[in-house]
Amino acid sequence: MLQQTRVEAVIPYYERFLERFPTVQALAVAEEDEVLALWSGLGYYSRARNLLHAARAIAAGGLPRNHEGLRALAGVGDYTAAAIASIAFGLPHAAVDGNVLRVVARVENDASDIGTSGPRRRFGEIAQSWLDVRHPGLFNQAMMELGATVCLPKDPRCGVCPLAAACRAHREGTAAQLPVKLRKTAPVAIEAVLLVVRNRGRVLLRRREDSARRMPGFWDLPAPADIPGARAGKSHGTFRHTITHYHYTFTVLAGTAPRGLLPAGCRWCSSAQFQEIPLSTTACKALKLAGVL
DNA sequence: AAAGCGGGGGC
DNA sequence: GCCCCAGCTTT
């Protein structure tokens, strides 16, 4: 949950998740849709599928006790494997997250692009060379905490930093400009319409295809094109939503669907059921706008 | 090696 | 509006 997601954003999800799945075994036997429903709104949903796969592997074969075995679990990369290996097992692996990359870039006063693999590997090797092999878990958490509380992205607090005397960027006055991160894909603006079709207290939802690149299996509100013969009524308003580099402006319209056969991939959903299915955040926002949620 | 993947909070 | 977050997987 913490991969690329702030701690404060994770906590409520984490608590609900552990209440429902208190053990690896409980998670291992879960349905994917229920896991995704609990993850809905947190983003990066492949993390949830990966966690489920990893739980099944662990339930079957036990928890790996070294970096290599951890690294082989779904959703566990170099950082996560190092974090677990060092914090849980005391093994000497530097855990290099975004915070640590920033600390290294500044201490070394290195303006290489941390978005590319060469510098990332180099910075990782530097962090590894700094590691206190007697206390790898404490060292890693101290490095990350330094980045999270002192060596801040925009506003480095060099005045209270224990590394200031050793920091080349502080000496050169370049700390606030580091690290360098280039290459952002150009944003794309998209306008789209979502329909809120209601019938006897329920709302028509559309399931995203299994082959969809983003959020397969999630439930969305339909667009007019998804419902042959749909008619749009009054507007509930508009809202903006950004997914990676796509900037959507959604207009939410009340709609009516022809009586009879349900369009393929669609279902009626009562408000009580919204909690139990993987609901997209755009659908969630639109339903709130329409007063359904 | 680079692109894609969610969503929210801080500035 | 842009940046960044206890990154990973796929192309």
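We use all heavy atoms of the structure for the numbers below, so side chains are in, but hydrogens, waters and symmetry mates are not. Protein chains get the first letters and strands the later ones, always in sequence-line order, with residue 1 at the start of each.
At the heavy-atom level, A:Asn50 lies under 4.0 Å from the strands shown only through sugar-phosphate atoms. Among the heavy atoms of the strands lying under 4.0 Å from A:Val76 are primed sugar atoms or P, OP1, OP2 only; no base atom is included. Here A:Asn140 lies out of heavy-atom contact (under 4.0 Å) with every strand.
Atom name C1', nucleotides B:dG9 and C:dC8: the rounded distance is 23 Å, in whole Å. For the P atom pair drawn from C:dA6 and B:dG4, the interatomic distance equals 24 Å after rounding to whole Å. Rounded to the nearest Å, the gap between the P atom of C:dT11 and that of B:dG6 is 14 Å. With both ends at atom P, the span from B:dG8 to C:dT9 equals 24 Å, rounded to whole Å.
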inquiry  = Let's go through A:Arg122 and A:Glu108 carefully: what are the C-alpha distance in whole Å and the side-chain angles of both, what is the deciding distance for salt bridge (charged side-chain N to carboxylate O under 4.0 Å, His left out) to 0.1 Å, and is it a yes or a no?
reply    = CA-CA 11 Å; A:Arg122 240 180 27 244; A:Glu108 297 292 307; over 6 Å; no
message = Using a 4.0 Å heavy-atom cut-off to protein, can you give one letter per nucleotide of nucleotides 4-11 of chain B, 5' to 3': B if the base is in contact, S if only the sugar-phosphate is, - if neither?
response = SBBBBB--
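When all heavy atoms of A:Arg102 and A:Leu178 are compared, the pair lying nearest together is CG-O, 4.3 Å. The nearest pair of heavy atoms linking A:Pro156 to A:Ala175 is CG-CB, 4.0 Å. Residues A:Tyr13 and A:Met1 approach most closely at O-CE, 3.8 Å, considering heavy atoms. Across A:Leu204 and A:Cys266, no two heavy atoms sit closer than the pair CD1-CB, 4.0 Å. Summarising the geometry of A:Gln3 relative to A:Tyr44, their closest heavy-atom pair is O-CD1, 4.3 Å, with the distance given to 0.1 Å. Of all heavy-atom pairs spanning A:Ala127 and A:Val100, the tightest one is CB-CG1, 4.1 Å.
Checked by atom type, the side-chain pair A:Gln177/A:Thr174 shows no donor-acceptor distance below 3.5 Å. A donor and an acceptor atom, one from each side chain of A:Arg202 and A:Asn199, are nowhere located under 3.5 Å apart.
For A:Asp155, the salt bridge (charged side-chain N to carboxylate O under 4.0 Å, His left out) test picks out A:Arg157, with sequence neighbours left out. Under the rule for a side chain to side chain donor-acceptor pair (under 3.5 Å), the partners of A:Lys285 that lie at least two apart in sequence or sit in another chain are A:His241.
Residues of residues 81-117 of chain A that place a heavy atom closer than 4.0 Å to DNA chain C, in numerical order, are A:Asp97, A:Gly98, A:Asn99, A:Arg102.
Salt bridge present: A:Asp78 and A:Arg71 bring a charged side-chain N and a carboxylate O closer than 4.0 Å.
With a cutoff of under 4.0 Å to any heavy atom of chain A, the contacted region of DNA chain C is bounded 5' to 3' by C:dC3 to C:dT9.
Classified by interplanar angle (parallel below 30°, tilted 30° to 60°, perpendicular above 60°), the ring pair A:Tyr45/A:Phe218 is tilted.
For A:Arg240 and A:Pro153, each mapped to the nucleotide of DNA chain C holding its nearest heavy atom, the one lying further toward the 5' end belongs to A:Arg240.
Pairs of Watson-Crick or G-U wobble type, with distances under 3.5 Å, assemble into runs of 3 or more in DNA chain B at these ranges: B:1-5 with C:7-11, B:7-11 with C:1-5.
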